[in-house]
Amino acid sequence: RLLEKKSPSLNQRLAAIKEIAGLKIGLRVHIGPFIPYISSLAEILEIIPKEVSEVNIELYHNKMGNFAAMLDIVESNLGKDLKEKINAVYNCEKNYRNFSDVLSAQARTLCAAYRFKIFLIVPDFNKFYSPSMNYENALI
């Protein structure tokens, strides 16, 4: 709600997912943007309904939307330290790659505990959309 005031609540989203899955319609849930140090992969995967067979996890990219405004909202509501941690991920390619590598390792570990395929989408550093973004190869 802090970042997207008019977006449906988590409960509304989960109800829609369950309704669609209940109709036996194939469904890939998209989790994005996954924001460093705010989003929790383990918590997110835990609440995904069992009927879902595929999940996208798309790492937030600072070229998507208004990064400075997002950081201001984080600072105002969650503190300056968290703002600085998030900003550090995007300060240089090395930090961005390190964070995405840790996220990938965590996703691979968590894959074993869930019944769905996980697709991790990590935009290139400093380019939001590029040919290297892959929505088709699951981690597991």
Side-chain angles (χ1 to χ4, degrees):
R1 290 271 179 224
L2 292 176
L3 300 175
E4 296 178 353
K5 297 199 183 312
K6 295 183 180 182
S7 65
S9 71
L10 179 58
N11 288 336
Q12 290 170 314
R13 293 172 193 222
L14 289 171
I17 291 168
K18 287 177 184 176
E19 184 176 339
I20 292 167
L23 296 171
K24 307 293 185 218
I25 297 171
L27 181 65
R28 183 189 287 190
V29 172
H30 184 86
I31 299 165
F34 185 93
I35 301 173
Y37 306 111
I38 292 179
S39 303
S40 167
L41 188 56
E43 290 176 13
I44 291 168
L45 296 178
E46 182 65 30
I47 63 171
I48 293 178
K50 64 181 176 18
E51 300 84 5
V52 171
S53 59
E54 299 179 340
V55 176
N56 284 349
I57 303 158
E58 187 167 358
L59 180 60
Y60 177 85
H61 198 277
N62 61 333
K63 301 295 182 192
M64 181 178 92
N66 191 336
F67 184 62
M70 186 273 290
L71 288 177
D72 289 344
I73 291 168
V74 168
E75 182 176 20
S76 297
N77 293 277
L78 303 171
K80 186 176 182 176
D81 291 344
L82 186 55
K83 173 188 174 180
E84 289 173 0
K85 280 178 71 171
I86 295 168
N87 199 33
V89 169
Y90 298 98
N91 274 344
C92 69
E93 187 168 2
K94 180 182 176 187
N95 293 352
Y96 182 75
R97 288 285 151 231
N98 286 343
F99 183 86
S100 64
D101 289 347
V102 168
L103 180 61
S104 179
Q106 182 185 23
R108 286 179 193 281
T109 299
L110 289 169
C111 273
Y114 296 96
R115 65 232 151 258
F116 39 72
K117 291 181 183 176
I118 297 178
F119 298 78
L120 182 62
I121 298 109
V122 178
D124 288 340
F125 183 76
N126 272 340
K127 287 189 242 169
F128 181 60
Y129 286 107
S130 70
S132 67
M133 287 178 68
N134 189 333
Y135 289 82
E136 297 304 321
N137 292 329
L139 288 172
I140 299 290

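Nothing here was measured: the structure is a model prediction, and the numbers come from that model.
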Checklist entry - Given the rule in the side-chain contact (heavy atoms from CB on, under 4.5 Å) test, do Arg108 and Ile118 qualify, once you have shown the distances and angles that lead to the verdict? => result CA-CA 8 Å; Arg108 286 179 193 281; Ile118 297 178; over 6 Å; no
Next on the checklist: Test side-chain contact (heavy atoms from CB on, under 4.5 Å) on Ile48 and Ile31; report intermediate values, then the result.
Outcome noted: CA-CA 10 Å; Ile48 293 178; Ile31 299 165; 3.8 Å; yes
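For residues 38-54, the pairs satisfying salt bridge (Lys or Arg N to Asp or Glu O under 4.0 Å) are Arg28-Glu54, with sequence neighbours left out.
Judged purely by atom type and a 3.5 angstrom limit, Asn62 has no side-chain atom pairing as donor or acceptor with the backbone of Phe67. Side-chain N or O atoms of Ser104 include none that pairs as donor or acceptor with a backbone N or O of Ser100 at under 3.5 Å.
Here Arg13 pairs with Ser7 under the side-chain hydrogen bond (donor to acceptor under 3.5 Å, both in side chains) rule; sequence neighbours left out. Glu19 meets the salt bridge (Lys or Arg N to Asp or Glu O under 4.0 Å) test with no other residue; sequence neighbours excluded. Take Lys24 and apply the side-chain contact (heavy atoms from CB on, under 4.5 Å) test, not counting sequence neighbours, and it matches no residue. In terms of the side-chain contact (heavy atoms from CB on, under 4.5 Å) criterion, Ser53 has no residue partners (sequence neighbours excluded). In terms of the ring pair (Phe, Tyr, Trp, His ring centres under 6.0 Å) criterion, residue partners of Tyr96 (sequence neighbours excluded) are, by chain and number, His61, Tyr90, Phe125. The side-chain contact (heavy atoms from CB on, under 4.5 Å) check on Asn66 picks up Ala68, Ala69, with sequence neighbours excluded. In terms of the side-chain contact (heavy atoms from CB on, under 4.5 Å) criterion, residue partners of Leu82 (sequence neighbours excluded) are, by chain and number, Tyr37, Ile38, Val74, Leu78, Ile86.
Summarising the geometry of Leu59 relative to Phe99, their closest heavy-atom pair is CD1-CE2, 3.7 Å, with the distance given to 0.1 Å. Between Ser39 and Pro33, the closest heavy-atom pair is OG-O, 4.0 Å. The nearest pair of heavy atoms linking Phe116 to Val52 is CB-O, 3.6 Å. Residues Ala42 and Gln106 approach most closely at N-NE2, 4.3 Å, considering heavy atoms. Of all the heavy atoms in Pro49 and Leu14, the pair that sits closest is CD-CD2, 4.0 Å.
Distance check: Asp124 CG to Glu93 CD gives 8.0 Å after rounding to the nearest 0.5 Å. Expressed to the nearest 0.5 Å, how far CD1 of Ile17 lies from CD of Gln12 amounts to 12.0 Å. Put simply, CD on Glu84 and CG on Asn91 are 10.0 Å apart, with the number rounded to the nearest 0.5 Å. Rounding to the nearest 0.5 angstrom, the gap separating the CG atom in Leu10 from the CD1 atom in Ile47 is 4.0 Å.
In the hydrophobic cluster analysis, where Ile, Leu, Val, Met, Phe, Trp and Tyr join through side-chain heavy atoms closer than 4.5 angstrom, Ile73 is grouped together with Phe34. The cluster map of Ile, Leu, Val, Met, Phe, Trp and Tyr, joined by side-chain heavy atoms under 4.5 Å apart, puts Val122 and Ile35 in the same cluster.
Using a 4.5 Å heavy-atom threshold, the side chains of Asp72 and Lys83 count as touching.
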